[in-house]
2 protein chains.
Amino acid sequence: MSTVGFRQHDHTHCVHTALAQAEAKCKTRRLQFTPVRRRVLEILLEKHRAMGAYDILGILSAEGLGSQPPVAYRALDFLVQNGFVHRIEQLNAYAACAHPTHDHVPAFLICRSCKAVAETETELTQGRLGAAASTSGFQIERVVVEAEGLCPECVGELP
Amino acid sequence: MSTVGFRQHDHTHCVHTALAQAEAKCKTRRLQFTPVRRRVLEILLEKHRAMGAYDILGILSAEGLGSQPPVAYRALDFLVQNGFVHRIEQLNAYAACAHPTHDHVPAFLICRSCKAVAETETELTQGRLGAAASTSGFQIERVVVEAEGLCPECVGELP
DNA sequence: TTGAAAAATGTAATAACATATCATCTTGGA
DNA sequence: TCCAAGATGATATGTTATTACATTTTTCAA
């Protein structure tokens, strides 16, 4: 449960917890946890999957929270910047962070069939990548690790 | 030189070599190395950097090789499919493979300042990601590893 | 407490990236 | 030589993301 998220669970509780944690973190850092930002995080926590900016915008729009793309992108930028949400590069999509209480390098397992996404962690400079960087003098600031494949559910069901 | 590509080098030679290797590989695999596909690979080898599909299309168009997006995307799909080119997810861009002669999991060092891209390699299931995958029953098929940061040139020059 | 600066929002327009569809042409192999 | 698969031409459209600028709200210190 702490590393992989393919299993079912009731998460009304975890949504509330995560929102409360985000609110607290914003308070201590003096960041504005505005209604749109809060709602975008809540949407991503509730859906518990990767969503595109325009999917989110559709919901915001239906709720009268804004209808133009920058509304969604600004909120997402804020949430990504502050570690509440991760961007999944392969999918051009966003997912709520599963471990928002500590700094980490996220890594994702992405099912190419059902698009489920599980988050785990990895080390910043592990193995050959870190070695290559330090050899060449490259200074790593951020690492994207995304594995594509089949989740446990889909492994059995496909050709 | 085999892992990192931030250093300068004369590469008229390596362009020719890489094209010849691609041609040979297509021959043995019975793939059609058509003029557009060849030219797209050549462009990426010559520029020796990540380029967007529309950048490439601009060049093709100026040369009378086609002016509509599918022309570029089809050629890129072919080249990616067959391991001659990699897609850089973070940049929505494409770069010629630096090690086309053997199968590998590419990893990239991407300079956020000058956009230079160096390719190195990594293991498919190294470390915690592989562990999380096998624990949960996720079957990894492809891994994207992209590090963003500052290249040796830019490390010195920025604030 | 109030006023200036910083941050956030509203809104319109457009840029950048990518695919669907269908007709036509070329190639390789039976 | 003919067929089937693969490649190309061409049009249209879908999806993702940013620029720009006016306005409002919040913060913070004088």
Side-chain angles (χ1 to χ4, degrees), chain A residues 22-23 26-41 43-44 50-82 84-95 112 115 144 146, chain B residues 22-23 25-41 43-44 50-82 84-95 110 112 115 144 146:
Chain A
E23 187 149 23
C26 285
K27 202 159 198 173
T28 63
R29 293 212 219 162
R30 300 210 159 73
L31 300 170
Q32 299 181 44
F33 199 49
T34 63
V36 177
R37 291 170 178 178
R38 179 186 185 91
R39 182 63 184 128
V40 170
L41 178 55
I43 289 166
L44 286 170
M51 299 180 73
Y54 280 75
D55 297 334
I56 293 166
L57 182 58
I59 296 173
L60 293 178
S61 178
E63 296 174 355
L65 284 169
S67 61
Q68 300 302 318
V71 172
Y73 284 103
R74 285 167 180 159
L76 288 167
D77 285 349
F78 171 88
L79 295 169
V80 168
Q81 206 71 42
N82 294 288
F84 302 126
V85 164
H86 298 297
R87 175 177 163 83
I88 316 289
E89 299 289 345
Q90 268 186 67
L91 301 176
N92 296 324
Y94 302 82
R112 70 168 158 82
K115 306 297 175 197
V144 171
E146 299 176 4
Chain B
E23 186 148 25
K25 191 165 168 185
C26 286
K27 202 159 201 174
T28 64
R29 294 212 219 162
R30 300 210 158 74
L31 301 169
Q32 298 180 44
F33 199 50
T34 63
V36 176
R37 291 169 179 180
R38 180 187 184 88
R39 183 61 185 130
V40 170
L41 178 55
I43 288 166
L44 286 170
M51 298 178 74
Y54 280 73
D55 296 335
I56 292 166
L57 182 59
I59 296 174
L60 293 178
S61 178
E63 296 175 354
L65 285 169
S67 61
Q68 300 304 319
V71 172
Y73 284 104
R74 283 166 179 163
L76 288 166
D77 285 350
F78 171 89
L79 294 169
V80 168
Q81 206 72 41
N82 293 289
F84 303 127
V85 164
H86 298 297
R87 175 176 162 84
I88 316 291
E89 299 289 346
Q90 266 186 67
L91 301 176
N92 297 326
Y94 303 82
I110 302 164
R112 70 168 159 82
K115 305 299 174 195
V144 170
E146 299 176 3

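Bear in mind the structure is a predicted one, so any value in this text is a computation, not a measurement. Throughout, a chain's letter reflects where its sequence line sits, starting with A, and its residues are numbered from 1.
Rounded to an integer number of Å, the gap from CD of Q90(B) to C1' of dA17(D) is 16 Å. Atom CG of N92(B) and atom P of dT15(D) are 16 Å apart (whole Å). Rounded to whole Å, the distance from CG on L65(A) to C1' on dT11(C) is 16 Å. With rounding to whole Å, R30(B) atom CZ is found 18 Å from dA7(D) atom C1'. Atom pair D77(B):CG and dC17(C):C1' shows a separation of 13 Å (rounding to whole Å applied). When rounded to the nearest whole Å, the span between CZ of F78(B) and C1' of dT27(C) equals 14 Å. Q32(A) has its CD atom 6 Å from the C1' atom of dA7(C), to the nearest Å. One atom, NZ of K27(B), and another, C1' of dG28(C), lie 14 Å apart when rounded to the nearest Å.
Closest heavy-atom contact between Y54(A) and P69(A): OH-CG, 3.3 Å. The minimum heavy-atom distance linking L60(A) with R39(A) is given by the pair CD2-CG, 4.0 Å.
Of the candidate nucleotides dA17(D), dA10(D), dC28(D), dA10(D) has the atom nearest to the side chain of P70(B). Closest approach to the R37(A) side chain among dT8(D), dA17(D), dT9(C) is made by dT9(C) (side chain taken as heavy atoms from C-beta onward). The R87(A) side chain lies nearest to dA17(D) when the options are dA17(D), dT11(C), dA18(C). Candidate nucleotides dT27(C), dC22(C), dT9(C) were compared by shortest atom distance to the side chain of R74(B), and dC22(C) ranks first.
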Verify side-chain contact (heavy atoms from CB on, under 4.5 Å) between R37(A) and L31(A), making sure each step is shown before the conclusion. CA-CA 11 Å; R37(A) 291 170 178 178; L31(A) 300 170; 5.9 Å; no

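Salt bridge absent: K25(B) and E23(B) never bring a charged side-chain N and a carboxylate O closer than 4.0 Å.
Map L31(A) and V71(A) each onto its nearest nucleotide of DNA chain C; the residue landing nearer the 5' end is L31(A). Place A53(A) and P69(B) on DNA chain D by their nearest nucleotides, and P69(B) ends up nearer the 5' end.
Residue T34(B) has a polar side-chain atom (N or O) positioned under 4.0 Å from OP1 or OP2 of dT8(D).
For Y54(B) and dA15(C), a side-chain-to-base donor-acceptor distance below 3.5 Å is absent, hydrogens and geometry of angles not being considered.
Residue-level contact check: F33(B) touches neither bases nor backbone, having no heavy atom under 4.0 Å from any strand.
Relative orientation of the F78(B) and F84(B) rings is tilted, given thresholds of 30° and 60° on the angle between their planes.
Stacking of the aromatic ring of Y73(B) onto the base of dT19(C) is not found under the criterion of centres within 5.5 Å and planes under 30°.
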